[in-house]
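This report refers to the structure that appears directly beneath it.
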Amino acid sequence: MPQSGKPQRIGAVKQITSHSNPIVKEIKGLVAQRKHRSQSGMFVAEGLKLATDALEAGWDVRYLALGPEARDNPIAQKAAATAKARGALILEVSTAVMSAMTRKDNPQMVVGVYGQKILSAGEIDSKGSSIWVALDRIRDPGNLGTIIRTVDAVGGSGVMLVGDCTDPFAVEAVRATMGSLFHVPLARMTKEEFKTLAGKWPGTVAATHLKGSVDYRTPDYTEPALLVMGNEQKGLEDDMADACSTLIRIPQVGQADSLNLAVATGIALYEVRRKHLEL
């Protein structure tokens, strides 16, 4: 919805047939380059489910592009009507134009452009939180998207991105969240900001670390809990680990030397939240 003091956009419908249309170029730039996403504060999400999730969660929608197959789809038409009522520009495009925008031969029937939402360290309020996950220099967008989705699944409160992390609004990351991006708050901060926050955190601050001597199934995980995970290749930096109250490890008995970051985070999350999860 429009922010107070800003003029409300008026929704409209526009047909686009040319690959060289400025809006098509704008969306292509958002798909291709983090710089464009950062400068504009916008990002692209592909698919009808994500469009529905974003609208239900009240995210600002700038464009909603509909391919030919969406025109006879009642759910897509309802999404378009809702987006238009909120001031979005509805784009009716051909399959070829949709492919050009998304750089995919078989594009989704709906592609949306939305405003980014990200918190600063100072905006995180631990009161009423269940568990936050802090990710130190995560590099893989698929891992990040999967972790966001898993945090959503266990009823977590949000994800902190510490240091030089991959872009949570990259198409690959957004796709991997399966819509959970629109339900899980994200925060971005420096390592120093994280250490200050961890020092004041009222619950358990647990990190997976090679020096960890505590089985991950042992701690009580007093809420609000904070689970800290390291970089895919280098793990958690020692000074980040020093800011945590508990260093945990996940036992391994096979020949694999490590677990995928998203898998390890999921295992730990389900243990932290075990007493709160019922079928």
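Using a distance-only test at 3.5 Å, with no hydrogens or angles considered, a donor-acceptor pair links the side chain of Q252 to the main chain of A256. In this structure, T204 contributes its side chain and A206 its backbone to no donor-acceptor pair below 3.5 Å. Remark: side-chain polar atoms of T265 are paired, donor with acceptor, to backbone N or O of L261 under 3.5 angstrom. A distance-only check finds a donor-acceptor pair linking the side chain of D140 to the backbone of G142 [under 3.5 Å]. At least one donor-acceptor pair closer than 3.5 Å links the side chain of S18 to the backbone N or O of S20. For the pair E271 (side chain) and G266 (backbone), a donor-acceptor distance under 3.5 Å is absent. Between the Q39 side chain and the H36 main chain, no donor and acceptor come within less than 3.5 Å of each other. Checked by atom type and distance alone, the side chain of K84 never pairs as donor or acceptor with a backbone atom of I90 at under 3.5 Å. The backbone N or O of V174 sits less than 3.5 Å from a side-chain atom of T177, completing a donor-acceptor pair. Of the possible polar contacts, none joining the W132 side chain to the I124 backbone as a donor-acceptor pair under 3.5 Å is found.
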_Determine whether L66 and V111 satisfy the following criterion, side chain to side chain contact (heavy atoms under 4.5 Å, CB included), listing intermediate values before the conclusion._
CA-CA 7 Å; L66 306 180; V111 170; over 6 Å; no
*Please test L48 against Q108 for side chain to side chain contact (heavy atoms under 4.5 Å, CB included), starting from the C-alpha separation and ending with a verdict.*
CA-CA 8 Å; L48 182 54; Q108 299 276 351; over 6 Å; no
*asked:* Please determine whether side chain to side chain contact (heavy atoms under 4.5 Å, CB included) holds for the pair L30 and S40, giving the CA-CA distance in whole Å, both sets of side-chain angles, and the decisive distance to 0.1 Å.
replied: CA-CA 9 Å; L30 292 172; S40 67; 3.3 Å; yes
*Apply side chain to side chain contact (heavy atoms under 4.5 Å, CB included) to M229 and L236, showing your working.*
CA-CA 6 Å; M229 306 294 294; L236 189 67; over 6 Å; no
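Y63 has its ring centre no less than 6.0 Å from the ring centre of Y114.
Looking at K104 and E46, their side chains come closer than 4.5 Å, going by heavy atoms from C-beta outward. Between N231 and L135, every side-chain heavy-atom pair lies at or beyond the 4.5 Å cut-off. Counting only heavy atoms from C-beta outward, the side chains of M160 and L226 approach each other to under 4.5 Å. Residues I27 and L91 are in side-chain contact: their nearest non-hydrogen atoms beyond the backbone lie under 4.5 Å apart. Using a 4.5 Å cut-off on side-chain heavy atoms (C-beta onward), V113 and F43 make no contact. Proximity of Y216 to L227: side-chain heavy atoms (C-beta onward) are nowhere separated by under 4.5 Å. At a threshold of 4.5 Å between non-hydrogen side-chain atoms, the residues V162 and R137 do not count as touching. Residues I23 and I16 meet the side-chain proximity criterion, which asks for heavy atoms closer than 4.5 Å.
Residues E172 and R175 are not paired through a salt bridge, judged by the lack of any N-O separation under 4.0 Å between the basic side chain and the carboxylate. Note on D136 versus K191: no salt bridge recorded, every NZ/NE/NH1/NH2 to OD/OE distance being 4.0 Å or above. Ionic pairing of R139 and D164 is present here: one or more N-O contacts between side-chain nitrogen and carboxylate oxygen are shorter than 4.0 angstrom. Looking at D215 and R217, a side-chain N of the basic residue comes within less than 4.0 Å of a carboxylate O on the acidic one, giving a salt bridge. The residues E223 and K275 are annotated as not salt-bridged, no charged nitrogen and carboxylate oxygen being separated by less than 4.0 angstrom.
Within 6.0 Å of atom NZ in K25, 12 or fewer heavy atoms from other residues, nucleotides or ligands are found, so the atom counts as exposed in its surroundings. The environment of CZ in R34 is crowded: more than 12 heavy-atom neighbours from other residues, nucleotides or ligands sit within 6.0 Å. For CG of N106, the number of neighbouring non-hydrogen atoms (other residues, nucleotides, ligands) closer than 6.0 Å is 12 at most. Within 6.0 Å of CD1 on I75 lie no more than 12 heavy atoms contributed by other residues, nucleotides or ligands. No more than 12 heavy-atom neighbours from other residues, nucleotides or ligands sit within 6.0 angstrom of CG on D105.
A pairwise comparison of heavy atoms in Q77 and R71 identifies NE2-CA, 3.2 Å as the closest pair. The minimum heavy-atom distance between A79 and L55, with the atom names listed, is O-CD1, 3.4 Å. In this structure, W59 and L181 approach most closely via the heavy-atom pair CZ2-O, 3.6 Å. Shown here for R249 and L210, the closest heavy-atom pair between the two residues is NH1-O, 3.6 Å. Nearest heavy atoms, A121 versus E193: CB-CB, 4.0 Å. Of all heavy-atom pairs spanning S157 and S130, the tightest one is OG-N, 2.8 Å.
Rounding to the nearest 0.5 Å places OG of S126 at 13.0 Å from CD1 of I131. Taking CZ of R274 as the reference point, atom CG of L269 lies at 14.0 Å (rounded to 0.5 Å). Considering CD1 of I148 and OG of S180, their distance stands at 8.5 Å, rounded to 0.5 Å. Atom OG1 of residue T218 and atom CG of residue D220 lie 11.0 Å apart, to the nearest 0.5 angstrom.
Hydrophobic clustering, with ILVMFWY side chains joined whenever heavy atoms are under 4.5 angstrom apart, groups L50 together with V159.
A donor-acceptor pair shorter than 3.5 Å can be found between the side chains of Q15 and E92.
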